[in-house]
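Chain naming here is simple, since letters A, B, ... match the order of the sequence lines and numbering starts at 1 in each.
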Amino acid sequence: MEIISFYSGFVIPFLVGVSVLFAVVVYKFGRWFVRLPVEDRRLVRKNFFSRATVRALGECFMECLLHRKIWKVNPTLGYMHTAFAFGWFLLIVVGWVETVAYLGWRFVPLQGHIFFKFFTGGEHHWLVMDILLWYVLSGLVLAVYKRFRSRTLGMRRTTKLTFGDRVALSSLWFIFPLRLLAENFSGVMAFWWGYSIALGIFFVAMPFSRYMHIFTEVPLIFLRRWGIRSGERESSFDHFQLEACSRCGICIDPCQLQRDAGFRDVQSAYFIRDRRYNRLTRRVADNCLMCGRCEGRCPVGLQLDTLRLNSRHTLSGTPADGRFEYARKITNNPVISNECEKSTGQTVIASENEAICSNSQSSSSHPLGGRGETKNSQLSTPRIGFFGGCMTLLSPRILQSMEQIFAASGDDVWWADRNGGICCGRPLKLSGDIDAARDMMQMNTQLFEAQGITTLVTSCPICLRVFREDYRLEGIEVLHHSEYIARLIAEGCLSLRDSDEKMTYHDPCELGRGCGIYDAPRQVLASVGELVEPAETRSEALCCGSSLANFVVDDASQVAMARAVGAAFEATGAARVVTACPLCKKAIGRTSSLPTLDLAEVVAEKLNND
Amino acid sequence: MAIDFGYSVSQPRAVDLDRNDLSLAREIVREMPEFSACIACGGCTATCTAGNLTSFNFRLVQTLVRRGEYAGAYAEMNKCMLCGKCRLVCPRGINTRGVVRLIKRKLGDY
Amino acid sequence: MKKVVVVGGGVAGMQTALSLKERGVEPVIVERTGALGGKLRNFHLLFPSMTPAAEVLKSFTDQVASSGIEVRLNEEFSDFSTDAPIVIASGFNVFDARLKEEYGYGIYDNVYTTVDVERMFNEGKVGLKDGSVPRRIAFVHCVGSRDEKVDQRHCSKVCCITGVKQAMELASLWPDAEIFNFYMDIRMFGPGYEELYQQAQQEAGINFIRGRVSEASPTIDGRIQIKAEDTLIGRPMKMTVDMLVLIVGMRGTDGGKFYRPRDLFGGSVLSDRPNVFYAGAATAPKTVGESIAEGVMAAEKVVQYLNDGN
Amino acid sequence: MVLNSWREYEKEIADDRYYYARSCIRQNFFPGSETTFLRIMRQLGKDVYDDPRHTSCTGIGYHTDIVPLDTTMAVVARQFALMTEAGYENMAISCITSFGLYTEILETWHEFPETEQRARENLFKATGREFRKPKNIAHTSDIVFHNREAIRQMAVRDLKGLKVVEHIGCHYAKIFPKSGIGGSEFPYVLAGMVEAWGGQVVDYPERRHCCGFGFRNYLVKANRGFSIANSRKKLESMKPYKPDFMVANCPGCAMFLDKWQYALAEMENTTYGADGRGIPVLTYEEMAGLVLGYDPWEMGMQMHQVDVEPLLDKLGVDYDPAAKFLGRAGKYIGAPKPAGVNSFEGDRIYRIKN
């Protein structure tokens with residue numbers, strides 16, 4: 001067999017490109033990895049030799065090469081991605097096999113594999129390689145088509161490109177046609193030069209463009225499988241998530257800010273882009289409902305909301321500084337708030353706590369039966385704390401309904417914030433003021449513990465989420481009122497009149513995607529009426545538009561989003577809209593032609609009082 | 001050189017629009033024009049948890065800022081828990097939490 | 001010749017019909033409800049002169065009856081495609097106070113609207129639900145007016161004076177009661193209004209507090225605690241009252257909006273269609289007197305239209 | 001319109017035969033001014049009775065809530081008794097606060113005759129004196145104003161080309177507008193003199209604002225910052241007009257507008273007037289005296305905080321710089337230490353060595 005030199009002038013652009021790419025990727029990964037927090041590195045050590053690693057390998061194959069999740073979004077879009085990723089991957093692997101088959105088991109420099117046909121003069125050639133190349137080219141045709149007619153590939157909008165993206169994308173589009181030309185007109189050096197230059201440019205642009213995701217997704221999958229997550233503060237792991245974003249733009253369509261309010265540059269793809277290139281502004285970081293609709297669809301599974309939250313924390317500069325110490329006036333001793341009233345000479349309202357308690361004590365022998373006993377057998381002093389939260393306090397009908405439900409349940413209830421409570425801390429957390437939010441959480445925790453409650457019920461999903469995710473409430477069970485009511489119904493403690501009234505249900509973001517509670521409210525609704533679902537529901541449900549996570553949008557935008565949501569409910573033919581969040585209720589009720597109620601209101605309305 | 005006579009010259013209490021530097025106020029309003037739609041109904045302050053426990057008065061502080069009276073506004077705004085009740089009651093639909101954060105950003109340490 | 005259709009049998013509609021008849025044009029009043037009179041039927045005394053609404057109403061219904069104008073009651077007019085002249089005098093709807101849930105209307109006892117108070121005066125039964133006399137009463141101005149949150153951006157114009165009038169009526173009924181009016185602005189534009197306002201302050205002893213009530217909540221003894229900021233002091237305030245009166249605004253009858261006249265000057269009773277005219281509060285909040293005046297104007301324009309056409 | 005308003009408040013001023021009621025504090029602050037008044041009156045050929053038995057009117061004690069009203073009335077009644085005994089009917093009052101107090105008491109007696117009766121009884125019990133109420137009371141600035149034309153005719157120089165800030169004491173017309181020429185809004189008493197003698201009156205935004213003395217505001221140290229803030233407000237407001245001097249008709253005002261310039265210079269390093277030399281503050285007697293050609297040192301102008309020499313130069317007054325701190329009979333009276341507004345070497349041409 002003759003000696004092949006494996007060298008020609010035209011390979012230089014390719015070699016330079018590969019070297020730069022390799023150096024940058026190694027530098028980036030090395031740097032990010034070294035800076036991982038100690039706990040994260042401990043997780044890596046702990047889980048390296050475990051089934052997680054095997055699963056990660058499988059996931060890499062399914063997601064990085066086959067793009068399984070994108071197939072789910074749209075098969076044509078999936079085909080396009082698979083053709084590029086898997087097709088190119090196979091070209092490399094089969095190409096290598098081809099080389100080995102032809103040259104035997106010997107060292108061949110990189111360019112030898114890539115420009116195999118040049119160096120062998122095209123005398124040996126596998127048909128499968130041509131098929132693979134045409135496979136990739138079919139993906140390319142779709143990609144070009146998508147740039148101009150994205151809708152046919154299931155995307156109404158695609159991502160706006162950065163300069164690096166444009167360079168990489170243009171060179172990428174040239175690589176495969178040039179390869180086709182070079183391999184078929186092997187004697188024309190210009191084609192080989194073009195092919196090599198296209199590869200070189202692509203490789204140099206790659207680590208600075210969205211195509212960095214091709215490499216980054218692999219370590220991301222492994223690290224994630226080993227249990228590493230982004231948190232409320234930025235960490236080195238975030239880099240793996242940021243650069244694993246291909247800016248595919250799947251997050252853009254579900255975004256209601258884009259759909260109904262006309263914001264075109266705040267979606268997760270743009271947020272991640274801005275953060276990655278260090279040009280994140282507060283306006284972009286703050287303009288997100290954190291409804292979670294995009295996070296659920298991200299094919300790379302990025303923690304989009306968490307990343308945005310920790311960006312907000314970084315951008316926020318307000319020190320906690322005990323600036324909410326004044327709130328202790330309420331939480332240290334809830335009775336003090338009444339004393340304050342006395343000292344300022346204002347009307348004193350007797351604390352309602354005792355009244356409600358005595359009321360429920362007298363109803364412990366409630367004919368609805370047995371609840372006091374069942375609970376007593378489980379816990380010595382079952383006591384429920386009800387936390388309405390700020391928003392419920394502005395919805396007296398929910399409070400009144402809960403009062404009726406509690407009375408019917410016979411439970412011993414302490415009203416945590418009816419005469420004034422402090423915020424749960426989630427809005428502050430959403431603003432990035434984590435430390436201040438912690439102060440507030442700690443104050444509320446003290447308050448709950450001091451009251452000796454065994455169950456904390458809240459009618460506000462915003463509060464619920466922070467109680468579950470961030471509070472440490474030892475020995476206190478935290479329930480959303482929908483769960484509490486569902487439980488009362490299941491235990492036979494509530495007697496309700498069923499009806500055939502058609503009602504539709506709005507999943508609040510914090511309750512559904514946030515806490516995974518979809519069924520409890522539906523069970524409750526099913527026992528008082530007939531539930532009709534809107535087109536987008538459960539994990540796909542729309543946001544009401546008034547999310548506390550958004551600090552930017554104005555009233556008109558909120559109304560626009562609420563109208564769109566309202567229209568979806570009107571289309572169901574339901575008589576009323578039921579939700580389980582006071583804020584959603586206000587937001588939707590503002591514009592909807594249908595009456596909008598909280599779950600508790602519907603239940604209280606259907607209570608059998610006799 | 002200053003001699004201490006045991007008292008100092010009282011500063012005028014008047015809001016002096018000739019002297020106050022309104023450029024920051026204009027900048028803030030430009031970023032959030034809805035901010036100047038306030039009709040001073042006081043609903044925000046009435047419902048405000050912080051306002052009922054401290055001297056914090058959102059209506060007053062944001063008005064002061066619009067008049068170029070920035071002193072102390074940042075510290076006052078820091079009492080806000082961002083709970084959003086004020087936004088719910090505002091008859092003009094002002095993004096009150098956005099206003100709080102904007103003022104803090106312009107006057108504070110973001 | 002086809003009769004001119006007057007949609008709505010309130011004061012504006014009745015006046016339009018009477019004026020048409022006087023000019024020799026035959027009108028027909030189409031009224032959705034079972035009686036003529038519109039909103040005037042619910043009112044007790046009319047500001048600022050305290051003229052009984054029934055008196056004004058009677059003079060109109062008597063004239064309509066004696067003039068032999070055709071009146072079709074319990075009929076919803078919907079045939080807007082007709083080429084007969086139509087005068088829309090559909091007035092306004094009273095804002096549904098339940099939409100401002102935080103004020104507790106329909107939730108707590110003893111939260112009333114100004115319309116309820118007029119009705120109670122007419123029925124001769126003014127008082128709390130249990131029949132007792134309130135010691136403290138609060139009026140909340142601008143409920144369903146100047147409020148983006150309920151899609152009611154406009155000022156309903158007549159509520160300020162209504163609130164002042166009712167506060168004075170309650171003050172004279174219960175001289176020992178303390179009465180507080182919570183307002184954002186007091187807009188006293190009409191003749192004699194400012195005088196009534198001053199009288200309310202000085203003679204009736206009504207307390208005017210500049211601040212919008214943010215919320216109402218129940219107290220243990222069944223009273224209502226309200227919160228507002230006293231904006232002139234700059235501090236939040238709260239107080240407990242026995243009776244809360246919500247001064248409700250007007251909502252338009254064109255799908256919740258007011259009809260839009262061609263222009264606000266010479267064309268205030270004209271629409272974009274040549275044969276459709278407006279009279280009264282259908283186009284914007286108006287007082288009884290202003291609605292009557294527009295009835296005359298609308299009739300004049302209809303006659304002009306008919307003369308030009310023939 | 002404006003002119004009409006100024007003219008609306010004309011008051012009657014007696015032409016001659018005045019009983020002179022001196023001020024307590026002016027004799028300390030501007031000791032030459034009252035003497036100058038008497039000299040002007042003599043030059044005009046007026047009869048002024050300067051009574052050594054006359055006492056304080058208690059005005060400062062009254063306004064600081066130390067002296068009760070009945071006491072004050074009795075003291076004022078005594079001054080009237082002295083005037084009656086001396087055979088005079090027209091009161092010429094040197095102090096603005098005294099003028100305000102006399103006006104107020106006469107007004108009170110008019111509205112509540114029983115208080116006059118009580119004052120008469122108290123006075124009689126204490127001193128055995130009786131009195132007739134004055135036929136006419138005028139502030140001495142009123143009298144100078146009244147004679148401004150006569151003074152102009154005797155003048156040796158005028159105020160041409162000078163911008164003058166005039167300041168009226170609050171008690172002159174703010175209590176009873178009708179008691180002042182031009183009332184409280186358009187006080188013309190000093191402006192009339194300035195205009196008659198050729199000067200130009202400066203109308204500046206804070207023209208009507210109080211100098212800040214305010215008795216309790218100055219006397220209680222805790223409030224003093226408020227007092228000085230008022231003077232500063234006026235000084236800041238007149239600054240852009242570049243006034244050549246101020247003239248005041250109230251002992252306290254002249255004193256504070258002058259001395260606070262020193263305090264502000266020391267406390268805040270702020271000076272007013274050309275080159276930061278301060279704006280000289282004159283009494284109306286000094287202004288009239290300069291017009292009439294009196295020697296500034298004889299009028300006590302060396303006692304001013306803000307040096308008057310630059311003004312004297314502008315007026316073309318022929319004065320002996322070396323004689324500034326030489327009192328009567330050439331005796332050295334001592335010179336103040338250099339201070340914030342007054343420390344310019346150029347001003348201090350004359351240095352006395354003991």
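- The backbone N or O of B:Cys90 sits less than 3.5 Å from a side-chain atom of C:Lys149, completing a donor-acceptor pair.
- Residue B:Arg66 places its CZ atom among more than 12 non-hydrogen atoms of other residues, nucleotides or ligands, all under 6.0 Å distant.
- Considering B:Leu88, B:Thr47, B:Thr45 as possible partners of C:Ser214, the one that fulfils the side chain to side chain contact (heavy atoms under 4.5 Å, CB included) test is B:Thr47.
- Within 6.0 Å of atom CD in C:Gln198, 12 or fewer heavy atoms from other residues, nucleotides or ligands are found, so the atom counts as exposed in its surroundings.
- Between the CD1 atom in C:Ile233 and the CG atom in B:Asn57 there is a gap of 11.5 Å [rounded to 0.5 Å].
- Partner of B:Cys41 under the side chain to side chain contact (heavy atoms under 4.5 Å, CB included) criterion, chosen from C:Arg212, C:Glu229, C:Arg146, C:His141: C:Arg212.
- Counting heavy-atom pairs closer than 4.5 Å to chain B, the top-ranked of the candidates C:Arg210, C:Glu102, C:Lys227, C:Gln152 is C:Arg210.
- Ranked by heavy-atom pairs shorter than 4.5 Å toward chain B, the options C:Met184, C:Arg153, C:Glu148 are led by C:Glu148.
- Using a 4.5 Å cut-off between heavy atoms, B:Asn52 contacts chain C through both its backbone and its side chain.
- Of the listed residues (B:Gly93, B:Gly51, B:Ala40), the greatest number of heavy-atom pairs within a distance under 4.5 Å of chain C belongs to B:Ala40.
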